[in-house]
Amino acid sequence: MSALPGKRILLGIGAGIAAYKSAHLARLLKQAGFEVRVVMTEGAQAFIAPLTLQALTGEAVRTSLLDPEAEAGMGHIELARWADRILIAPATADLMARLAHGQADDLLTTLCLASHAEKFMAPAMNQAMWSHPATARNARQLTEDGWHLLGPDSGDQACGDVGPGRMLEPEDIMAGLSGAVKRPAEGLKVVITAGPTREALDPVRYLSNHSSGKMGYALATAAVALGAVVHLISGPVALPTPSGVTRHDVESADDMLAAAERLADDCDLFIGCAAVADYRAEAPAEHKLKKRDDENAMTLRLVKNPDIIARIAARDARRPFVIGFAAETRDLERYGRDKLTRKQLDMVVANDVSRAGLGFGADDNAAVLLWRDGDAIDRDPQPPQPKSRLAEAILRRALTRLAPLHHA
Ligand code: C5P
């Protein structure tokens, strides 16, 4: 388990007899190199003492949302942000029901609601409770909400019944955790262009656009989290370099093309997210252009910039899987499909930049993903959501198309 990303795990313990196994699970997590913090529900404390978990993890165990002393240390929101992963074992039928409904009526459910961590649970309950349609409904909802359900196992139950509902053994929970967090883009080489380009008119002036670079940077962040090796070719933006990303700063479209051609030689997935200026000055002035009192107008002659993504997509050799963006204000899908075909891209992310609060400069975005499937074009509409979430959706969709190529 030593290669696991995200080593901070919050172990939530619910009120089930299987809670006694959570002590062993805490030990296994520690041995696997996790930093472990434990939160117990009130009922869990009837099955196992917080002190046991404290001794095993070396950290105070949190049990209450309304504990001023504990909140003075790491407040519950801080704890929610601290965790890379949350694992609830055992997860009782009641906990599942509360989580499925987004309740936040104790510390553990509140943390789950407040945290963006990847979430796992090992259900444990009587077989009739597990088989009840209400629990089945809750399990479906939780999976839909992104929870990974580990188990339950089937067999003898503490109550004397036999059937499904036993918590997985701690070793199996560890194996499930490890399998689920195997990163899908491990080893994939990704090159992303982001931000605007600047086309010099003279040494102090340039042509550019309002691209903030947020979408490209979100893609870089998401690709690293999924395990990829990421090179980000960035025009001038006011964003910090995402951790784990190699950034190449460029100014003009020509600079961006040179970096893209070089990096695409060793690349599986190329994403053109940059808002490349379509034109540049034909002859940028060597010295600052002076204002002329005798003329009320000036003429600038512009020439077309190279289409970076089309060049990469047109490669015969060493051609990566290529994803382009189509930022449109009308006829979104028509232009998106046209771009897919005309530029010979593998996928297009078409987004409507006329909608308030979305697209350019915003933190949220909505898009339609378009890709070729044989002779047809398939689509996956993505509702408005944070760019970070959309970035992950784009990459996961690309991975399903790429996987056969990547493993060929
Ligand atoms: O043609 P249009 O600019 O609408 O196409 C957008 C897509 O093409 C984006 O993926 C953008 O990054 C890419 N592009 C490029 N080089 C250009 C123009 C656009 O890579 N010169």
Side-chain angles (χ1 to χ4, degrees), residues 190-200 206-220 223 230-237 239 247-265 267 269-282 302-315 319-354 359-361 365 367-372 377 382 387 390-391 394-395 397-398 401:
V190 180
V191 175
I192 300 170
T193 67
T197 63
R198 271 183 193 171
E199 311 300 331
Y206 55 81
L207 284 175
S208 191
N209 58 64
H210 287 300
S211 169
S212 65
K214 284 181 184 172
M215 192 65 232
Y217 276 60
L219 279 161
V230 182
H231 288 273
L232 178 63
I233 306 172
S234 177
V237 296
L239 295 171
R247 173 166 160 179
H248 307 260
D249 284 320
V250 295
E251 294 243 331
S252 69
D254 271 340
D255 296 344
M256 189 173 271
L257 175 66
E261 291 278 22
R262 181 168 52 82
L263 292 164
D265 282 343
C267 159
L269 170 61
F270 183 92
I271 309 180
C273 197
V276 183
D278 289 329
Y279 294 91
R280 65 172 185 276
E282 182 176 44
L302 303 179
V303 292
K304 242 198 184 140
N305 263 331
D307 192 319
I308 299 167
I309 203 164
R311 293 257 192 117
I312 302 296
R315 285 178 161 217
R319 182 192 183 281
F321 187 90
V322 183
I323 305 180
F325 274 69
E328 307 293 345
T329 54
R330 64 196 164 107
D331 287 341
L332 185 63
E333 275 204 55
R334 188 160 66 79
Y335 285 123
R337 283 162 188 264
D338 171 65
K339 219 154 276 182
L340 187 71
T341 315
R342 194 165 35 82
K343 298 198 187 197
Q344 294 179 48
L345 308 179
D346 298 298
M347 189 182 287
V348 161
V349 180
N351 60 314
D352 182 347
V353 286
S354 69
F360 259 166
N365 209 355
V368 184
L369 315 188
L370 301 164
W371 65 93
R372 256 191 298 246
I377 291 178
Q382 291 287 326
K387 285 181 173 172
L390 179 62
I394 293 167
L395 289 165
R397 171 62 66 190
R401 309 295 307 155

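Indexing begins at 1, ligand by ligand and atom by atom, following the structure's order. All values derive from a computational prediction rather than experimental measurement.
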**Asked** Is Arg198 paired with Asp255 through a side-chain N to carboxylate O contact shorter than 4.0 Å?
**Response** no

Using atom types as modelled, flag every donor-acceptor pair under 3.5 Å from a side chain in residues 271-280 to any protein atom, sequence neighbours excluded.
{"from": "Arg280", "atom 1": "NH1", "to": "Lys304", "atom 2": "O", "distance (Å)": "3.4"}
{"from": "Arg280", "atom 1": "NH1", "to": "Asn305", "atom 2": "OD1", "distance (Å)": "2.8"}

**Message:** Does any part of the side chain of Thr197, heavy atoms only, come nearer than 4.5 Å to the side chain of Val250, both counted from C-beta?
**Reply:** no

**Request:** Please list, by chain and number, the protein residues whose heavy atoms come under 4.0 Å of ligand 1.
**Result:** Gly272, Cys273, Ala274, Val276, Pro306, Asp307, Ile308, Ile309, Gly324, Phe325, Lys339, Lys343

**Asked** Between the side chains of Ser234 and Tyr217, is a donor N or O closer than 3.5 angstrom to an acceptor N or O?
**Response** yes

**Message:** Would you say Asp352 and Ser354 are linked by a side-chain donor-acceptor pair, where the criterion is simply a distance under 3.5 Å?
**Reply:** yes

**Message:** Determine whether a donor-acceptor pair (N or O, by modelled atom type, separation under 3.5 Å) exists between the side chain of Arg319 and the backbone of Ala313.
**Reply:** yes

